[in-house]
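Everything on this sheet refers to the single structure shown next.
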There are 2 protein chains.
Amino acid sequence: MRFLVTGASGFIGKNVVAALRKRQHEVVAVSTSSAPGIVEHGLEWVQADLLQPGGCEALIDNANVSGQLHGLVHCAWDTTPGKYWSSTNNLKWVAASLHLLDAFQRGGGRRCVIAGTSAEYAWGGLESLNELRSTISPNLLYGTCKHSLHSIAEQWAKTNNVSLAWARLFCPFGQEEKGERLVPKLIKRLLSGESLPFDSGNVIRDFISVTDLGQAFAALAESKLEGPINLASGRDFSIRELVTTIATQLGRLEQVQFDTLPNPTSDPMRIVADVDRLTKELSWTPAATLEQRLAETCRWWQAELSSPLGIGNPAENK
Amino acid sequence: MRFLVTGASGFIGKNVVAALRKRQHEVVAVSTSSAPGIVEHGLEWVQADLLQPGGCEALIDNANVSGQLHGLVHCAWDTTPGKYWSSTNNLKWVAASLHLLDAFQRGGGRRCVIAGTSAEYAWGGLESLNELRSTISPNLLYGTCKHSLHSIAEQWAKTNNVSLAWARLFCPFGQEEKGERLVPKLIKRLLSGESLPFDSGNVIRDFISVTDLGQAFAALAESKLEGPINLASGRDFSIRELVTTIATQLGRLEQVQFDTLPNPTSDPMRIVADVDRLTKELSWTPAATLEQRLAETCRWWQAELSSPLGIGNPAENK
């Protein structure tokens, strides 16, 4: 099948492209930054800015030229660390996404998978977050915009006979992650040799390797599964376990000083996905454990930081 | 204060413009169809298509030239009778509205009133629909898109320190209403001399004259009231009462044959607003009764249909 992937040079998108290719699908990979062209048989890169007026319509026309698009995996969004939660760019991404869906459907597209977020759920409870039973109550602009897009997309899909799945993402990590985010920050700090004062690290999150996440996306895109679905590990993993696993892997456990900083008062205690839909309906499970994936990630950063440039991914990690 | 009104030549928008002018506000009236220009001191017409790429940004720049905009009353939307409930144009209007809000705020705007709909509420209960207590559960694309826009706009307003009110509209009627809609259809049928077979007419709706609705919008725009607010009469008015009132006014009661058609099975029994916010917080009540406004409307249609053209409003009533 032929898929359009937006945000294809982003952290998640590039793993989606790789996983779709591995499953023998044709991919039109869209990015603002990549040079256009056919890189290999079945993988075509298109440079496009979806936020430009008319950008989505032009993209779909363009992507349909060399073959009819069957599916869309829409990963593009503003993800600027620290800013995306409340940025007005969220409104622009909703608008662009609506134009994209409309153009995709009018161009003959039949299957959509869109990246949603765990931030659509009400946070603060201790239960695992279930796609249909848990309360939806985003409290910042990012979650509100993603959830509103979801509501519209669901109704639009039903009205226009498009098959739609809405992928809710939790905490992905892995190679080429932006340096300001948690896992890269921890690794870089530990590798710098400095000590790492920390709070108790007792809050629990749901981590998934971006490699596995890309594969889950591809399996979902290929399937006929509809509605919201958590793409997550479903595993309780405290920040303390995360820090300990990384520090142990790097041989730098002695630098970590737990319980020397106060615990943040506003952090929800537990944000973990119910993965019943993922494991039972999509029959998907990750190919490796979190520990294995964290070890891979540590090795990647060690290689990256010891490279001649010595600054990690120069485009993203300033 | 200086207000931008979108959809200003539409059924509701033109009454909003008139009411804001009556309250001595400056108005920039936006419409796809009107010739641009200053019609009178304080009222400036601008021709613009908000659905065109870049249309909203250009409009705001343009509207700010002759004076800083303070407020926005956003009435423009697709309202094509019979089609707007499920049209993909709803997505385009969400996208355009988001661009409009962003451009308005960046241009220095401080106060927004946006037209929402009773279709955001779950229909089917017998309780009056309350802005905060009633369940929100739109079941068609129009209501979903309006409600999603509302969610985003609320969060955006909070984040950007803009004052926002969301006006939920019920059943407006009045002069220049589109001929395919209920009140004009009833009047035209009765004036044609044909008999009017009808069901029991026992479903109850909330009607408001568009003249009064325009005034409520203006009062709301001028106020500091925030959040969702029903702009409605709050009065139970059955379709049977509506038909009887109109037919009596036209002297054609003998043409009406109630209980000769089966009742529609899917129509919600009662859709009536709780108007506590409107009457207590905004301290607004309509200047005339429904009966008086229906009489005015009948007289307007009688004059319109006996005019030389004999086709009502030629632009809208084909």
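Letters A, B, ... are given to chains in the order of the sequence lines, protein chains preceding strands, and every chain is numbered from 1.
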Selection from A:L149, A:L141, A:N160 maximising heavy-atom pairs under 4.5 Å formed with chain B: A:L141
Those residues that, when tested against B:R277, pass salt bridge (charged side-chain N to carboxylate O under 4.0 Å, His left out) (two or more places apart): B:E281
Pairwise distance OG(A:S151) to CD1(B:I152) - rounded to 0.5 angstrom: 9.0 Å
Results of side-chain contact (heavy atoms from CB on, under 4.5 Å) for A:A8 - residues two or more places apart only: A:V5, A:V17, A:A29, A:W45
Atom of B:T144, atom of A:Q155 and distance for their closest heavy-atom approach: OG1-OE1, 3.5 Å
Pairing residues for A:A63 by the side-chain contact (heavy atoms from CB on, under 4.5 Å) criterion, not counting sequence neighbours: A:L4, A:V28, A:L69
Close contacts, residues 83-94 of chain A versus chain B, judged by heavy atoms under 4.5 Å: A:S86, A:T88, A:L91, A:K92, A:V94
Distance (rounded to the nearest 0.5 Å) between B:H150 NE2 and A:S148 OG: 10.0 Å
From A:K158 atom NZ to B:N139 atom CG, the distance as rounded to the nearest 0.5 Å: 8.0 Å
